[in-house]
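Structure record follows, encoded as structure tokens.
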Amino acid sequence: MSNSADWYIKHEDEVLGPFTSTVLKSMAKRGDVMGNTEVGKSVTGPWFQATKVRGLIVEHSDEAVPSLATDAVFEERNRLIDADAWKQELLAISWKDLFPLATWVRDEPWTLVWVQALIFAFAFPLFLLQWFYDTEPTVTQAAWSFSTYFAVLWAIFLHRLLRPDRIGMKRLVGVWAFTSTLGMVAVAIVTELGKRLPGLDAAIQATESASILGRFVGQTVAVGFIEECVKLFPVYWLATRPMVKTLPMTSIVYLGIVSGLAFGATEAIFYSYDYVELLTNSQVGAAGYIVIQILRFISLPFLHAIWCGISSYFLALAVASQKSPRMLPLIGICTVALLHGSYNTFADSWIGFGVTLLSMFIFVGYVRTGAMQVVKPVEMAAVLSGP
């Protein structure tokens with residue numbers, strides 16, 4: 001018996017089909033075709049109860065009734081490609097819904113902040129690939145491009161988490177520009193002048209000490225304290241300027257984050273030269289070079305950011321509490337200087353990894369604590385100037 005699609009089902013005066021014999025049998029097994037279901041070989045009938053069709057529900061020998069039983073096994077058919085079904089599916093597609101260009105234009109997705117961030121994260125490295133394709137970039141160009149790229153990604157990510165009030169692009173760019181240029185120059189000048197001061201000179205020399213304790217003191221005082229002061233300075237200056245409206249503590253903390261990211265991104269440029277020299281002199285392999293370079297580009301700017309975020313929290317707390325306008329920021333700087341010095345001392349061990357996690361949890365704790373507190377910027381200058 002042929003397996004062609006020539007079976008129909010009558011259901012409540014509605015004719016369904018056509019179905020092949022195989023499909024009809026499957027429907028009977030599933031219970032979609034019952035014993036009293038009317039089936040036929042034509043749209044117009046005649047109709048027979050399914051129990052009377054041999055090979056469908058039960059076997060019958062009534063030859064007057066059409067049969068599902070195959071007369072020859074070689075007569076079975078299997079359509080590998082049902083052209084009619086594909087045609088029907090194609091005609092059923094709503095091309096307007098498939099490519100809703102008009103809806104996209106009306107929605108203006110390019111104005112969404114997360115879309116803009118996504119475009120930057122995706123397109124900027126590809127832009128750099130094309131930009132440097134025909135020219136050999138210098139170490140400074142390559143390091144600046146990628147360190148800035150990752151720092152901006154961190155800035156976007158942390159902005160979406162902290163949700164600070166509108167600080168203004170002018171202030172953010174100003175903090176970034178100051179820290180990445182004058183801030184780095186200030187660190188170099190203070191470090192050079194410190195070599196001529198007895199106490200600071202000893203701390204600078206101790207950064208290379210064979211003693212762990214001596215190296216910790218040197219890294220904390222000569223590196224951590226100086227760098228954290230420089231990073232906090234533009235935030236301090238902006239926080240003491242009169243503003244039109246009140247400013248949440250998270251906004252001041254975010255300014256510190258931007259300053260820290262700018263410092264870390266610029267610092268990565270200088271370290272890149274050291275890493276290239278290590279690779280050139282075979283002091284580190286290609287794999288090791290990739291690891292330390294990626295670490296410098298991605299993780300360490302973030303570490304600088306949360307350290308400055310912590311000290312910025314103390315600055316904001318000083319204004320919000322109307323108490324200890326000088327001591328609280330100093331305590332904040334000393335706190336992060338200890339974290340900074342600890343990491344520098346043990347950066348090549350699991351202790352250093354633990355310091356990074358501790359820094360992050362401290363940062364998160366302060367952000368959560370100060371999220372609901374509001375600083376009144378109009379009173380900042382008077383509070384920080386003291387009695």
Side-chain angles (χ1 to χ4, degrees), residues 1-131 133 149 153 156-157 159-161 163:
M1 185 64 180
S2 172
N3 194 36
S4 61
D6 52 4
W7 284 92
Y8 297 86
I9 298 174
K10 186 178 181 182
H11 177 69
E12 295 180 355
D13 296 331
E14 181 180 1
V15 178
L16 307 177
F19 303 102
T20 64
S21 300
T22 303
V23 171
L24 199 60
K25 288 180 180 179
S26 299
M27 294 172 67
K29 289 181 179 180
R30 293 196 306 266
D32 295 334
V33 174
M34 308 298 291
N36 59 351
T37 302
E38 292 184 319
V39 299
K41 297 287 290 181
S42 170
V43 178
T44 59
W47 304 102
F48 309 92
Q49 288 189 349
T51 54
K52 295 183 178 296
V53 179
R54 184 162 56 90
L56 182 56
I57 303 297
V58 295
E59 291 292 335
H60 287 270
S61 58
D62 188 352
E63 297 298 335
V65 179
S67 173
L68 281 176
T70 56
D71 297 326
V73 68
F74 295 107
E75 291 297 319
E76 292 185 5
R77 299 176 185 271
N78 182 16
R79 292 188 178 181
L80 299 177
I81 300 178
D82 191 341
D84 291 336
W86 280 87
K87 180 180 178 180
Q88 294 300 322
E89 288 188 23
L90 182 62
L91 295 175
I93 294 177
S94 173
W95 296 100
K96 184 181 293 186
D97 295 334
L98 194 60
F99 299 104
L101 298 179
T103 302
W104 293 349
V105 173
R106 288 194 300 269
D107 182 51
E108 297 184 348
W110 54 85
T111 62
L112 296 173
V113 175
W114 72 268
V115 174
Q116 295 168 354
L118 186 64
I119 292 173
F120 172 78
F122 171 73
F124 188 74
L126 298 178
F127 168 80
L128 292 180
L129 180 64
Q130 296 301 319
W131 183 265
Y133 185 78
Y149 168 71
L153 287 184
I156 294 172
F157 176 71
H159 184 276
R160 306 315 294 170
L161 292 182
R163 296 284 184 173

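Throughout, residue positions are numbered sequentially from 1 according to the sequence presented.
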My understanding is that only residues two or more places apart in sequence, or in another chain, count here; which of them pass side chain to side chain contact (heavy atoms under 4.5 Å, CB included) with Leu98? Ile93, Trp95
Quick one: list whatever passes side chain to side chain contact (heavy atoms under 4.5 Å, CB included) with Phe120, sequence neighbours left out. Phe124, Tyr149, Val152, Leu153, Ile156
Any residue meeting side chain to side chain contact (heavy atoms under 4.5 Å, CB included) with Leu129, in chain and number order, not counting sequence neighbours: none
For residues Leu24 and Leu56, report the shortest heavy-atom separation together with the two atoms involved. O-CD1, 3.8 Å
Taking C-beta and beyond as the side chain, do Val39 and Phe19 meet within less than 4.5 Å on heavy atoms? no
Which value, rounded to the nearest 0.5 Å, describes the distance between Trp47 atom CH2 and Tyr8 atom OH? 8.5 Å
Pair listing, side-chain hydrogen bond (donor to acceptor under 3.5 Å, both in side chains) test, anchored in residues 105-126, at least two apart: Thr103-Arg106
With sequence neighbours excluded, what pairs up with Ser42 under the side-chain hydrogen bond (donor to acceptor under 3.5 Å, both in side chains) test? Thr44
For Phe127, give me all partners under ring pair (Phe, Tyr, Trp, His ring centres under 6.0 Å), at least two apart in sequence or on another chain. Trp131
Shortest non-hydrogen separation from Pro125 to Ala121 and the atoms involved: CD-O, 3.5 Å
For the side chain of Arg163 and the backbone of Arg160, is there at least one donor-acceptor N/O pair under 3.5 Å apart? yes
Answer whether the closest heavy-atom distance between the side chains of Ile9 and Met27 falls below 4.5 Å. yes
Could you tell me whether the side chain of Pro18 reaches within less than 4.5 Å of the side chain of Trp7, counting heavy atoms only? no
